[in-house]
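Read through the structure below, which is laid out as structure tokens, and then see the notes.
Letters go in sequence order (proteins before strands), and every chain restarts at 1. Heavy atoms only: backbone and side chains are in, while hydrogens, waters and symmetry mates are out.
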2 protein chains.
Amino acid sequence: MDATESAGMLAVTLERGTVRVERSPLPQRRPGHALLRMRLAGICSTDLHLQRGYYGFSGRPGHEFVAEVVECDQSQWLGKRVVGEINLACRQCDWCARRLGRHCPNRTVLGIVKHPGAFAEYLTLPEENLHEAPAQLSDEELVFTEPVAAACEILEQVRIPDAAPVAVLGDGKLGLLIAQVLQLSGARVHVYGRHAHKMQLLSPLGIAYQVIGEVPPQVAYDFVVDATGSSAGLQHAVAITRPRGTLILKSTVHDRVVLDTAPVIVNELTLVGSRCGRFEPALELLASRRLILRPLIHDVFPLAQAQRAFERAAEKGVLKVLLKN
Amino acid sequence: MDATESAGMLAVTLERGTVRVERSPLPQRRPGHALLRMRLAGICSTDLHLQRGYYGFSGRPGHEFVAEVVECDQSQWLGKRVVGEINLACRQCDWCARRLGRHCPNRTVLGIVKHPGAFAEYLTLPEENLHEAPAQLSDEELVFTEPVAAACEILEQVRIPDAAPVAVLGDGKLGLLIAQVLQLSGARVHVYGRHAHKMQLLSPLGIAYQVIGEVPPQVAYDFVVDATGSSAGLQHAVAITRPRGTLILKSTVHDRVVLDTAPVIVNELTLVGSRCGRFEPALELLASRRLILRPLIHDVFPLAQAQRAFERAAEKGVLKVLLKN
């Protein structure tokens with residue numbers, strides 16, 4: 001560690017739209033936190049939004065990662081390959097007491113809110129956030145733990161009856177994971193998106209799809225997930241949700257979205273905002289090896305080429321781009 | 001009836017912003033429908049929106065009324081004082097089979113969608129839509145049946161625990177009824193609005209209130225009802241709903257509302273659109289005589305003066321305005 005410390009480490013900084021890779025000091029490990037050496041990290045749509053300055057962000061992004069523990073307080077973690085939950089809760093408020101630390105009002109969030117992220121050689125996280133990686137899973141599978149957990153969160157919030165038809169709008173990275181998680185949970189998923197070549201990746205799971213254009217498809221569902229990230233997508237989602245139906249908002253929508261509330265009220269829709277999820281169900285699902293993940297990886301770059309990786313991730317039609325350490 | 005038929009009847013027509021009262025033919029009574037003589041009718045915010053051409057409406061408005069039956073198929077209704085549900089369902093589709101005729105896709109709606117309304121000497125409704133008026137209730141109480149039913153609808157959609165604090169945003173006609181219905185159901189209601197003189201009408205029921213301005217109050221609730229009818233109001237409502245909380249959309253919002261979905265997603269809010277309700281619970285509540293209704297009536301006009309009545313109803317700070325036949 002001494003050599004590393006003196007030389008610092010490679011780390012990504014986002015600032016005013018630019019992606020810089022530079023040598024930085026190692027992150028300070030606080031008591032109860034572990035120092036982790038990043039092995040593989042994923043670029044998510046949120047990272048692309050952070051690059052564009054969403055929430056005035058500048059700093060070190062990255063919240064999807066696989067790492068190994070190089071320093072820690074509890075010795076059983078040492079050397080372990082881990083994934084980690086991204087919300088750093090205060091552990092003292094009512095939310096934390098209710099095991100909902102991901103809504104803790106005092107929380108910081110890895111790579112998003114006031115905690116340096118995983119796009120670096122090293123990062124820190126509280127030991128209580130860590131989950132040991134199942135040995136049979138590759139880094140390329142484990143790096144999907146966080147977005148799969150976000151997809152699983154839907155099942156924690158909404159009860160979808162067995163074999164119920166569900167529409168997933170949006171064929172981006174998150175949409176394709178949501179479609180799989182819901183299909184494997186017993187729903188009958190139909191994906192609506194712009195890119196047949198992405199959606200057909202899910203055909204082995206029996207997931208149907210339809211390419212759509214500017215007008216909403218003439219269909220109606222009791223359960224709809226909006227993962228489009230666009231105002232137009234949300235309007236389509238509202239339009240295809242049946243009266244008294246449930247529409248799950250799963251986009252990382254960072255712009256103000258114009259929502260006409262009249263159809264929501266007239267049709268008495270229930271809209272459910274959905275964000276991060278617990279890692280346990282995600283790791284269980286990953287361990288089942290039933291998810292289609294490898295075809296979603298479109299590129300892998302060494303950390304030093306993070307700028308190119310961000311450019312690639314922002315290309316139209318490109319799915320997951322990874323950073324390797 | 002012969003004299004009336006030959007002379008036609010007085011009826012209100014809305015067209016391109018104007019309110020006209022003119023002699024019109026009596027409405028045709030179809031089989032299974034009753035011909036009703038209107039006794040008292042209420043002007044609702046929706047009527048004011050219809051006047052402004054919402055949904056390109058032109059025609060005869062009015063959906064809050066008390067009437068008496070002058071012609072019908074089932075003789076037991078003859079001469080009865082009645083109120084009536086406003087959705088005319090097809091009785092043949094799946095929605096109707098599930099007793100959710102108010103979501104029937106083929107429905108017409110009294111005074112709103114393709115069925116002439118109650119702002120006339122006579123109207124028609126299917127006999128199955130009628131409810132006999134409890135004898136002890138005055139017309140001035142019964143005319144609130146429809147909006148009270150709309151308020152009661154919330155309790156059918158959302159389970160609010162006993163004594164739970166609930167914020168109602170908006171001190172218009174509907175907001176004040178919602179506040180009462182929820183308070184009487186066991187919640188602890190706090191109304192936030194612009195007009196102390198309106199909100200203090202509810203003090204006898206122990207309903208707290210606070211006058212608010214342009215910024216949301218610094219409060220947080222697990223249950224919030226938006227009855228403001230404005231984009232700004234909805235933003236406030238989102239801002240004061242706790243993570244994982246429930247926000248009930250109860251406005252008749254006819255303009256496009258700009259909703260920033262980010263806080264809905266980040267805080268995993270549940271938004272529930274809520275519209276019309278069944279009349280049974282409303283009539284039960286009215287019969288309990290616990291609702292504060294008389295002080296909400298700000299004016300009564302004869303039908304012939306409907307134009308003045310609409311003007312009065314549109315004045316700032318004015319609550320319910322009635323039309324008497």
Side-chain angles (χ1 to χ4, degrees), chain A residues 46 49 54-55 94-95 98 100 102-105 107 109 112-113 150 153-154 156-158 220 226-227 229-231 233-235 237-238 241-277, chain B residues 46 49 54-55 94-95 98 100 102-105 107 109 112-113 150 153-154 156-158 220 226-227 229-231 233-235 237-238 241-277:
Chain A
T46 297
H49 285 290
Y54 162 57
Y55 281 156
D94 288 351
W95 291 99
R98 287 165 56 197
L100 277 168
R102 54 194 195 277
H103 287 298
C104 164
R107 72 183 180 276
V109 186
I112 300 173
V113 183
E153 175 74 350
I154 294 172
E156 204 157 291
Q157 296 178 279
V158 177
D226 172 42
S230 76
S231 293
L234 179 55
Q235 302 292 356
V238 167
T241 308
R242 279 220 184 88
R244 291 275 181 119
T246 300
L247 167 53
I248 295 130
L249 305 181
K250 201 72 207 188
S251 289
T252 48
V253 178
H254 299 307
D255 302 309
R256 287 197 126 201
V257 163
V258 180
L259 173 66
D260 180 358
T261 57
V264 176
I265 293 171
V266 168
N267 290 326
E268 297 195 319
L269 305 188
T270 296
L271 273 54
V272 180
S274 180
R275 194 175 49 115
C276 301
Chain B
T46 296
H49 285 289
Y54 162 57
Y55 281 156
D94 287 352
W95 292 99
R98 287 164 55 197
L100 277 168
R102 54 195 195 279
H103 288 298
C104 164
R107 73 185 180 275
V109 186
I112 299 174
V113 183
E153 176 74 351
I154 294 173
E156 203 156 293
Q157 297 178 279
V158 178
D226 172 42
S230 76
S231 293
L234 179 56
Q235 301 292 355
V238 167
T241 307
R242 278 215 186 92
R244 292 274 181 119
T246 300
L247 167 53
I248 296 130
L249 305 182
K250 201 70 208 190
S251 288
T252 48
V253 178
H254 299 306
D255 303 311
R256 287 197 127 203
V257 164
V258 180
L259 174 66
D260 181 359
T261 57
V264 176
I265 292 171
V266 168
N267 291 325
E268 297 195 318
L269 306 189
T270 296
L271 272 55
V272 180
S274 180
R275 192 174 51 114
C276 302

Between [atom1] on residue [X] and [atom2] on residue [Y], distance to nearest 0.5 Å:
| X | Y | atom1 | atom2 | answer |
| --- | --- | --- | --- | --- |
| B/Ile265 | A/Leu271 | CD1 | CG | 9.5 Å |
| A/Leu249 | B/Glu268 | CG | CD | 11.0 Å |
| A/Arg275 | B/Arg244 | CZ | CZ | 9.5 Å |

What residue, out of A/Val266, A/Leu100, A/Val264, A/Leu247, has the most heavy-atom pairs lying under 4.5 Å from chain B?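 Looking at each of A/Val266, A/Leu100, A/Val264, A/Leu247 in turn, A/Val266 comes out on top.
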
When A/Ser274, A/Pro105, A/Pro263 are compared by non-hydrogen pairs under 4.5 Å with chain B, the top option: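 The residue among A/Ser274, A/Pro105, A/Pro263 with the greatest pair count is A/Ser274.
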
Taking side chain as everything from C-beta outward and backbone as N, CA, C, O, which of these in B/Leu269 sits under 4.5 Å from a heavy atom of chain A? Side chain, backbone, both or neither.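 For B/Leu269, the contact with chain A is made by the backbone alone.
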
